[in-house]
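Here is the structure we will look at, set down as structure tokens.
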Amino acid sequence: MTLRATLSVCAACILLAAQTGVFEEITTTTGVDFRHENSPTTNKYLLETMGGGVALFDYDNDGDLDIFFTNGARLEDPMPPGTKVDKSDPKYWNRLYRNDGNGKFTDVTEKAGLTGIGTGYGMGVAVGDYDNDGFQDLYLTTYGANVLYRNRGDGKFENVTAKAGVAASGWSTSAGFFDYNNDGKLDLFVCRYLDWSFEKNIHCGEKKPGYRSYCHPDNFKGAANLLFRNNGDGTFSDVSEEAGVANPNGKGLGVAFADYDGDGYTDIYVANDSVMCFLYHNKGNGTFEEVALTEGAGYNEDGKPFAGMGVDFADYDNDGRPDIFVTNLSQEMYALYKNIGGGSFQYATNRTGVGHATLPYSGWSTKFIDYDNDGWKDLFVTQGHVMDTIGLTAPNLKYLEPPLLLRNNQGSFVRVSPAEAGSAFDSAKAGRGAAFGDLDNDGSIDVVISNIGQPPTILRNTAGRRNHWLAMRLEGRRANRDGIGCRVKVTMASGKAQYYEAQTASGYLSASDRRLLIGLGAETVAQRIEIRWPGGRVQTLARVKAKQSLVVRKQAE
């Protein structure tokens with residue numbers, strides 16, 4: 001175990017937090033000059049409103065989180081039959097910004113070999129060290145062919161898609177690395193959305209100038225998700241059919257992973273748009289069983305599907321069982337499923353306050369984060385309607401919406417007002433992807449939001465320093481190097497416990513910091529930390545002091 005102490009908080013910093021709100025928008029001071037280019041057309045191609053992934057990861061292992069954005073591509077208006085999207089213009093490139101460690105970021109896209117020329121219309125990004133060499137790799141989803149970039153460890157990435165066999169096809173959205181068979185190698189799950197093409201695009205909305213709209217997904221067939229098994233030699237095998245996850249009726253937008261029934265195998269939740277969501281129970285023999293309907297996590301409380309977009313899978317009420325949160329369109333309410341044990345879930349949107357707080361909004365990326373480090377996981381949601389013309393047909397709704405912060409009051413949620421949350425929560429954007437992590441290593445979870453057709457929003461958290469915390473990075477040996485899939489129980493001197501599961505897949509189209517940031521409230525010591533590695537081995541730490549970053553390496557077996 002390696003410990004790294006961090007700086008304590010000064011009274012002046014706390015005063016500053018009270019003056020600026022919980023989250024301070026720092027976008028213009030960071031040097032990040034990215035702008036998402038969705039290339040809008042009068043033909044209202046559905047792609048234009050769906051992109052915008054973002055990742056927070058430490059690509060050069062210098063201890064500071066870097067930022068990666070996916071980008072769109074040039075679209076003709078209209079697209080001639082058979083024409084492919086064009087990313088050759090640098091304004092359409094995906095972008096990597098290196099964290100310089102002083103609050104500034106430098107664009108290193110070209111230096112890192114990530115210009116993206118020749119790839120499709122960008123959607124999402126997944127992060128994971130698939131070859132266990134100690135450097136995190138990138139998987140990019142697109143409308144077209146997906147791309148796997150291997151991190152060489154020298155500041156550069158290598159396109160290894162052809163060798164790896166993970167290009168896929170069609171319209172891919174969110175993706176994530178996880179180890180479904182506990183063999184120590186990260187596998188890859190890819191959501192696919194619709195059987196859509198430029199040629200299949202139809203006119204939706206009123207046929208008068210300015211009223212054409214993006215089509216509802218009901219106008220198109222679904223597409224099967226993909227599962228790629230890591231062979232351990234730099235290649236992957238498509239095991240979607242044999243594993244039981246190739247359901248062609250899904251319209252997948254978000255994916256999250258957790259061992260919801262505690263059997264030692266990671267399960268999968270897929271947020272589907274306007275059809276039943278999927279909960280794939282990992283049977284431990286290389287196959288999955290879809291159980292969302294029988295276990296109560298497929299529909300809302302009226303038994304109806306909703307426009308599932310972003311999703312997180314984590315324990316919000318500190319009972320040791322991962323719960324599920326799904327964002328969707330305005331007038332539908334976001335869905336919160338409480339894990340009641342025995343493999344079952346209960347729709348908890350209304351009784352937890354989530355319904356009242358979310359009814360007017362349309363949500364995308366999301367994550368349970370303990371933004372104030374009080375020991376209870378709160379909710380952050382990026383927001384914005386799908387339809388840029390929604391105000392014409394529903395004047396009470398807006399295309400641009402502010403992000404949403406919900407405080408967890410020991411199992412129920414209340415909206416944090418813009419006055420308290422910060423000015424960014426009173427600023428309407430077309431929010432889509434979001435990634436979460438501690439950009440300045442001060443013990444507070446920061447947020448980077450990708451806004452389609454707009455610059456990003458970078459939010460520095462000033463509230464977490466009011467309480468005590470621990471940051472933990474897990475490093476596997478026979479388990480995967482990233483520690484993805486580890487289950488962590490943190491018990492305080494008071495006897496209260498919190499539960500975490502290490503993952504990088506986040507919300508919608510995005511990937512977050514692999515480190516666990518654990519809020520301890522007023523307690524200065526974590527009495528006991530229990531780490532259950534994939535495969536079942538348990539490792540414990542005792543009386544760990546607060547306000548430090550830990551690197552916990554799996555003990556030799």
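- Put simply, the side chain of Asp388 reaches to within 4.5 Å of the side chain of Lys44, judged on heavy atoms.
- Counting all heavy atoms, side chain and backbone alike, Gly113 lies closest to Tyr149 at O-CE2, 3.9 Å.
- Using a distance-only test at 3.5 Å, with no hydrogens or angles considered, no donor-acceptor pair links the side chain of Ser237 to the main chain of Val239.
- Note: Phe189 and Tyr280 have tilted aromatic rings, judged against thresholds of 30 and 60 degrees for the angle between ring planes.
- In this structure, the side chain of Lys429 does not engage the main chain of Ser450 through any donor-acceptor pair within 3.5 Å.
- Between Lys200 and Asp195 there is a salt bridge, since a side-chain N of the basic residue sits under 4.0 Å from a carboxylate O of the acidic one.
- The CG atom of Asp60 sits 8.5 Å away from the CG atom of Asn151 when rounded to the nearest 0.5 Å.
- Judged by distance alone, with hydrogens and angles left aside, the side-chain atoms of Arg35 form a donor-acceptor pair with the main-chain N or O of Gly453 at under 3.5 Å.
- A donor atom on one side chain and an acceptor atom on the other are found under 3.5 Å apart for Tyr193 and Asp273.
- Phe313 places none of its side-chain heavy atoms less than 4.5 Å from the side chain of Phe368.
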Mind running side-chain hydrogen bond (donor to acceptor under 3.5 Å, both in side chains) on Arg74 and Ser88 for me, showing each step along the way? CA-CA 9 Å; Arg74 184 174 181 270; Ser88 59; over 6 Å; no
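- Using a distance-only test at 3.5 Å, with no hydrogens or angles considered, no donor-acceptor pair links the side chain of Asp372 to the main chain of Ala463.
- Between Arg95 and Glu110 there is no salt bridge, since none of the side-chain N atoms of the basic residue sits less than 4.0 Å from a carboxylate O of the acidic one.
- Contact check for Tyr211 versus Thr389: no side-chain heavy atoms found under the 4.5 Å cut-off.
- Taking the six-membered ring for Trp and the full ring otherwise, Tyr121 and Trp171 have centroids separated by 6.0 Å or more.
- Outside the 6.0 Å centre-distance limit, the rings of Tyr139 and Phe228 are not counted as a close aromatic pair.
- Interatomic distance, Leu56 CG to Arg514 CZ, rounded to the nearest 0.5 Å: 13.5 Å.
- Classification of the Phe198-Trp196 ring pair by plane angle, with boundaries at 30° and 60°, yields perpendicular.
- For Tyr180 and Arg229, the side-chain atoms include no donor-acceptor pair closer than 3.5 Å.
- Donor-acceptor pairing under 3.5 Å is lacking for the side chains of Glu37 and Ser39.
- In this structure, CZ on Arg150 lies 14.0 Å from CD on Gln136, to the nearest 0.5 angstrom.
- Residue Ile458 is tested with Thr29, Ile67, Val447, Asp446 for a side chain to side chain contact (heavy atoms under 4.5 Å, CB included); the sole match is Ile67.
- No side-chain heavy atom of Asn480 sits less than 4.5 Å from a side-chain heavy atom of Asp129.
- With hydrogens and angles left out, the side-chain atoms of Thr457 and Asn451 include a donor and acceptor closer than 3.5 Å.
- Side-chain atoms of Ser172 and Thr141 include no donor-acceptor pair closer than 3.5 Å.
- Relative orientation of the Tyr130 and Phe236 rings is tilted, given thresholds of 30° and 60° on the angle between their planes.
- Within the structure, the ring-ring contact (aromatic ring centres under 6.0 Å, His included) test picks out the following pairs touching residues 422-454 (sequence neighbours left out): Phe23-Phe425, Phe380-Phe425, Phe380-Phe436.
- Using modelled atom types, one finds no donor on one side chain facing an acceptor on the other under 3.5 Å when comparing Asp312 with Thr366.
- The closest side-chain donor-acceptor pair between Asn441 and Asp64 falls under 3.5 angstrom.
- Taking the side chain as every heavy atom from C-beta outward, Met123 and Asn71 never approach each other to under 4.5 Å.
- With salt bridges taken as basic N to acidic carboxylate O contacts below 4.0 Å, none links Asp179 and Lys185.
- The shortest side-chain heavy-atom distance between Met50 and Tyr143 does not fall under the 4.5 Å cut-off.
- At a cut-off of 3.5 Å, with distance as the only test, a side-chain donor of Thr41 or Glu48 sits close to an acceptor on the other residue.
- Within the 4.5 Å cutoff, no side-chain heavy atoms of Tyr97 are placed close to those of Val108.
- In this structure, CG in Leu138 is found 6.5 Å from CG in Leu114, a value given to the nearest 0.5 Å.
- With ring centers used as reference points, Tyr45 lies 6.0 Å or more from Tyr214.
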Evaluate Asp154 against Lys156 for salt bridge (charged side-chain N to carboxylate O under 4.0 Å, His left out), listing each step before the verdict. CA-CA 6 Å; Asp154 60 357; Lys156 295 182 179 295; over 6 Å; no
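- Side chains of Asp100 and Thr106: a donor on one and an acceptor on the other come within 3.5 Å.
- The main-chain N or O of Ile449 is never found under 3.5 Å from a side-chain atom of Thr382 such that the two would form a donor-acceptor pair.
- In terms of modelled atom types and a separation under 3.5 Å, the side chain of Ser174 and the main chain of Ser510 share no donor-acceptor contact.
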Between Tyr371 and Arg407, is a side-chain hydrogen bond (donor to acceptor under 3.5 Å, both in side chains) present by the stated rule, with each step listed? CA-CA 9 Å; Tyr371 77 88; Arg407 179 186 293 116; 3.1 Å; yes
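- Side chain of Asp426 to main chain of Ser423: no donor-acceptor pair is present (N/O by atom type, distance under 3.5 Å, no hydrogens or angles).
- Between atom CG of residue Asn159 and atom OG1 of residue Thr115 there is a gap of 10.0 Å, rounded to the nearest 0.5 Å.
- To the nearest 0.5 angstrom, Asn43 atom CG is 5.0 Å from Asp77 atom CG.
- Asn99 places a side-chain N or O within donor-acceptor distance of the main-chain N or O of Leu439, the cut-off being under 3.5 Å.
- Ion pairing between Arg460 and Glu24 holds under the 4.0 Å rule for side-chain N and carboxylate O.
- Counting heavy atoms from C-beta outward, Phe34 and Phe105 have side chains that stay 4.5 Å or more apart.
- In this structure, the side chain of Thr83 does not engage the main chain of Met79 through any donor-acceptor pair within 3.5 Å.
- A donor atom on one side chain and an acceptor atom on the other are found under 3.5 Å apart for Arg432 and Thr49.
- In terms of modelled atom types and a separation under 3.5 Å, the side chain of Ser365 and the main chain of Gly433 share no donor-acceptor contact.
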